[in-house]
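Notes follow once the structure below has been shown.
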Amino acid sequence: MKKFFLSVIFLSFFHTNAQQNLVQYVKPIIGTEKMGHTYPGATVPFGAIQLSPETDTISYELNGKYNGEVYKYCAGYRYEDKTIVGFSHTHLSGTGHSDLGDFLIMPTQGKLQLNPGTASNPKNGYRSGFSHANETAEAGYYKVKLDDENILAEITATTRVGMHQYTFQKSDESHIILDLMAGIYNYNDKNVWTYVRVVNDTLVTGYRQTNGWARTKTVYFAMAFSKPFTQYGQKNYEAKQAYRGFWGKFDQNKNFPEIAGKQIRMYFDFKTNEAEKIKIKFAISPVSQENALQNMKAEIKDWDFEKVKTQAQAIWNKELNKIKITAPDDVKVNFYTAMYHTFINPTVYTDVNGEYKGLDQGTHKTDGFTNYSTFSLWDTYRALHPFFNIIQPSRNNDMVKSMLAHYAQSSLHMLPIWSHYANDNWCMSGYHSVSVIADAVIKGVYNGDPNEALQACVTTAKHRDYEGIGYYMDLGYIPAEKSGVSVSNTLEYAYDDWCIAQLAKKLNQPEIYNEFIKRSENWKNNFESKTGFMQPKLADGTFKKEFDALSTNGQGFIEGNSWNYSFFAPHNPEALINLMGGKKLFASRLDTLFTMHLPDSFFAETEDITREGIIGGYVHGNEPAHHVAYFYNWTDQPWKTQAQVRKILNMQYKPAPDGLGGNDDCGQMSAWYIFSSLGFYPVAPGSDQYALGSPLVNKAELTLDNGKTFTVEAINQSAKNVYVQKVLLNGQLIHSLSINHADITNGSKITFYMGSKPKIK
């Protein structure tokens, strides 16, 4: 009997600590409808390959002007659409602007058609109708039946290689189309040059250079078929060139092994038996065709599709098991899909041999780190990178090193603003690399030279000719006449400067600390005490007269209005509260923000926000106010933080295709959900403090890289019991409304006791 009980105890312990099947809760289809801008296709954590279907090919321009419809296709896929154009290998997840969509592949049968057709008449081209009833989207795997051709399409991926499996019907006219014209946010002149080399009847290599959001982007590829093609060809759709050399001596349209041009579509023909599967391995590289082929050989050695799929899902499951939660199934779906979305970006930008293309367009080799790309920093400094500092510290360390490599290669001597594919897009405001770097150093994650990192931050923050920094340094604010986003930039620079000051303080650099702690107070210069709002200020020191606190147009803000941005002083809430009249008045202002009604005219000015992304006047679907619900903690009414956080969690995140209230923005929206579900949030990255909220999970166990476990437990958790009655840390009552980073990394246990009524002192 004693042996029996010991066995039960052992098995119970093993089950508790063994990996759970968490992939089952990941639903990549969440966020693919309306404004989420996620994609449902196959990738592995932080993979360079992000292989997914495109449901249309909308041009960025229409009659020489911006085509507003293109905004819906930032991820290439819209749940609302009825056709699929093909499967491309590079994507951005949840962004509000876009690029990529490289190397689109589509299987077809019957008469060869090299144009994509239209959504209203898909049979006029190579696209196909499809039904969500015949569609499966999982972590690392996607499957859909292409109805028009009765072809089953399946895709999976490794870090640098996408694998396709197409099940054909019997036909002498089966085709694989490689569209080298297709792209996201595409336009006629986006393709700079394309080169294709047919090595043999199963291998093709080449590259594509584009001029888009990333101004100079070159992606190399290697494409292998599981079965030899019988013939192949191409069509060049570019306008007549003034000079083509003497290549006209050859018939380059059919079975010609070296193709070059700007607007190329290729086809490869096969004879197929009933239910025959043709598989494709498609590898990419930032450096060369040779590296792409090396990546392919290293990551997928054979043609076992199921093996690659199983491997991809095992990798996902390992990453997801870093946090194990106890919660209802709908919460688990939201939580683990959020984890999935946080682990999509940034992306690996290093070949298996350690080579990558630098910002100087030269080939570099990493020295003991993995180089990353896709840094949407205006979004992700807020919660995504702080989340990585807890659950992905080694990767975040490499990401900081990637930012510093970017700085070293930059002719402008600046850290990245919004970078991908060896380019900086210069999108959005602030210089938020400094927040990510400071947060990583202060929390002990970065293991490089912190003084070199500090110098890179200082140099970036003193780049006078970048978006008003010179005016900001001289006047303490950016004049409204000089910038359409003068207020946003001033507020965000001030926060970033505070981060630099915290880093300097840690490194005992008092001169830098004093300089930047003073700069960090510049946000006060845009506060108009007469109205209580942040407002644009003119060069003569007066505030601009025409002011509308609700408008997002012409008021000095980017992706927000003054109601949301007036609370942007995450590094100094105490001073903000004093400026706004004290704790009681400040809390009342917060109440108004969360309960007001926005007029329809507000939405006429916004491209990326609908009413689904808003609670009162609080715009959760955009990032500037993501910390604001936690500001009640600095008043005498912290229970309102608890109520609002739970309201946001339940209203803005749902286990459905339209389950995100706004763009996921490379994982920021999802990181907010994870932190808030666990009961704490990094209001001001660069500090080691996390503000407490109201946990949504019943229990969570975070397995840390140092081998320790941080446990969150919510006693009496329910939909009604959203108010915290007391909090214990390692069994001891805590009286503050925050915990620090060491409490997490030391492997503590935090216990929330929940109730249905606010705990008022």
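Between Phe229 and Phe270, the two ring planes are perpendicular [angle over 60°; tilted spans 30° to 60°]. Note on ring orientation: taking the six-membered ring where Trp is involved, the planes of Tyr356 and His364 are parallel (angle under 30°, cut-offs 30° and 60°). The aromatic rings of Phe87 and Tyr166 lie tilted to each other, with the angle between the two planes from 30° to 60°. The aromatic rings of Phe221 and Phe282 sit parallel to each other, their planes meeting at less than 30°, with 60° as the upper class boundary.
Using a distance-only test at 3.5 Å, with no hydrogens or angles considered, a donor-acceptor pair links the side chain of Ser433 to the main chain of Pro416. At distances below 3.5 Å, not a single donor-acceptor pair connects side-chain atoms of Asn423 with backbone N or O atoms of Trp213.
Atom-to-atom distance recorded for Ser670:OG and Leu660:CG is 6.0 Å, nearest 0.5 angstrom. In this structure, Asn663 CG and Cys74 SG are separated by 6.5 Å, a value rounded to the nearest 0.5 Å. Atom OG of Ser373 and atom OH of Tyr421 lie 7.0 Å apart (nearest 0.5 Å). A distance of 5.5 Å separates NE2 in His420 from CG in Asn425, rounded to the nearest 0.5 Å. Separating the OG atom in Ser410 from the CG atom in Asp424 is a distance of 7.5 Å, to the nearest 0.5 Å. In this structure, CG on Leu100 lies 8.5 Å from CD on Gln50, to the nearest 0.5 angstrom.
Under 3.5 Å, the side chains of Gln313 and Glu138 contain a donor-acceptor pair of N or O atoms. A donor atom on one side chain and an acceptor atom on the other are not found under 3.5 Å apart for Thr194 and Arg208. For the residue pair Glu319/Gln392, the side-chain donor-acceptor check at 3.5 Å is satisfied. Side-chain contact, Asn67 with Glu69: no donor N or O sits under 3.5 Å from an acceptor N or O. A donor and an acceptor atom, one from each side chain of Asp664 and His37, are nowhere located under 3.5 Å apart. No donor-acceptor contact under 3.5 angstrom links the side chains of Thr108 and Glu149, judged on distance only. Residues Ser376 and Asp379 have side chains that bring a donor and an acceptor to within less than 3.5 angstrom of each other. No side-chain donor-acceptor contact under 3.5 Å links Gln294 and Asp351.
Taking the six-membered ring where the residue is Trp, the centroids of Tyr232 and Tyr267 are separated by 6.0 Å or more. Here Tyr372 and Tyr349 keep their ring centres 6.0 angstrom or further from each other. Proximity of the aromatic rings of Tyr340 and Trp316 is defined here by a centroid distance below 6.0 angstrom, and this criterion is met. Residues His164 and His89 place their aromatic rings such that the two centres sit under 6.0 Å apart. Taking the centre of each ring, His91 and Tyr39 come in below the 6.0 Å mark. When ring centroids are compared, Phe335 and Tyr25 stay outside the 6.0 Å threshold.
Few gaps surround CG on Asn134; more than 12 heavy atoms of other groups in view lie less than 6.0 Å from it. Around the NZ atom of Lys401, the shell of radius 6.0 Å holds more than 12 heavy atoms that belong to other residues, nucleotides or ligands.
Geometrically, Lys279 does not engage Phe305 in a cation-pi contact defined by less than 6.0 Å to the ring centre and at most 45° from the axis. Note that Lys281 lies in the cation-pi zone of Trp303, set by a 6.0 Å cut-off to the ring centre and a 45° limit from the axis. With a 6.0 Å cutoff to the six-membered ring centre and a 45° limit on the axis angle, Arg395 does not count as a cation-pi contact of Phe388.
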### Message
The test is ring-ring contact (aromatic ring centres under 6.0 Å, His included); show your working for Tyr195 and Tyr207 and say whether it passes.
### Response
CA-CA 5 Å; Tyr195 173 82; Tyr207 67 84; 5.8 Å; yes
- [ ] Show your working on side-chain hydrogen bond (donor to acceptor under 3.5 Å, both in side chains) between Asn345 and Thr347 and close with a plain yes or no.
- [x] CA-CA 5 Å; Asn345 301 112; Thr347 53; 5.0 Å; no
Quick one, Asn353 with Asn291, criterion side-chain hydrogen bond (donor to acceptor under 3.5 Å, both in side chains). Give me CA distance, side-chain angles, the key distance, then yes/no. CA-CA 8 Å; Asn353 63 6; Asn291 278 14; 3.2 Å; yes
With side-chain hydrogen bond (donor to acceptor under 3.5 Å, both in side chains) as the test, would you mind laying out the steps for Asp81 and Thr55 before giving the verdict? CA-CA 6 Å; Asp81 288 348; Thr55 58; 2.8 Å; yes
With side-chain hydrogen bond (donor to acceptor under 3.5 Å, both in side chains) as the criterion, how do Thr90 and Asp102 come out once you've worked through the C-alpha distance, each side chain's angles and the decisive distance to 0.1 Å? CA-CA 6 Å; Thr90 59; Asp102 297 292; 2.7 Å; yes
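Taking the charged nitrogens against the carboxylate oxygens, Arg78 and Asp56 have no contact shorter than 4.0 Å, which rules out a salt bridge. Salt bridge status for Lys143 with Glu154: absent, with no side-chain N to carboxylate O gap under 4.0 Å.
Taking each heavy atom of Val44 and Ala157 in turn, the nearest pair found is CG1-O, 3.4 Å. Across all their heavy atoms, Thr210 and Val192 have their closest contact at C-CG2, 3.9 Å. Scanning both residues, Ile264 and Gly261, for their nearest heavy atoms gives CD1-N, 3.4 Å. Scanning both residues, Met296 and Met223, for their nearest heavy atoms gives CE-N, 4.0 Å. When every heavy atom of Cys666 is checked against every heavy atom of Leu384, the shortest pair comes out as O-CD2, 3.4 Å. In plain terms, the two heavy atoms of Ala292 and Ala283 that are nearest each other are O-CB, 3.2 Å.
For residues 333-343, there are no salt bridge (charged side-chain N to carboxylate O under 4.0 Å, His left out) pairs, not counting sequence neighbours.
Looking at Met403 and Tyr407, their side chains never come closer than 4.5 Å, going by heavy atoms from C-beta outward. Using a 4.5 Å heavy-atom cutoff, the side chains of Asn334 and Tyr673 are in contact. By the 4.5 Å heavy-atom criterion applied to side chains, Tyr60 and Tyr66 are counted as neighbours. Contact check for Ser285 versus Glu290: no side-chain heavy atoms found under the 4.5 Å cut-off. Side-chain atoms of Ile49 and Thr43, non-hydrogen and from C-beta on, never get closer than 4.5 Å to each other. Side-chain contact between Lys307 and Asp302: present, with at least one pair of heavy atoms (C-beta onward) separated by less than 4.5 Å. Within the 4.5 Å cutoff, side-chain heavy atoms of Trp418 are placed close to those of Thr374. Side-chain contact between Thr337 and Ile29: absent, with no pair of heavy atoms (C-beta onward) separated by less than 4.5 Å.
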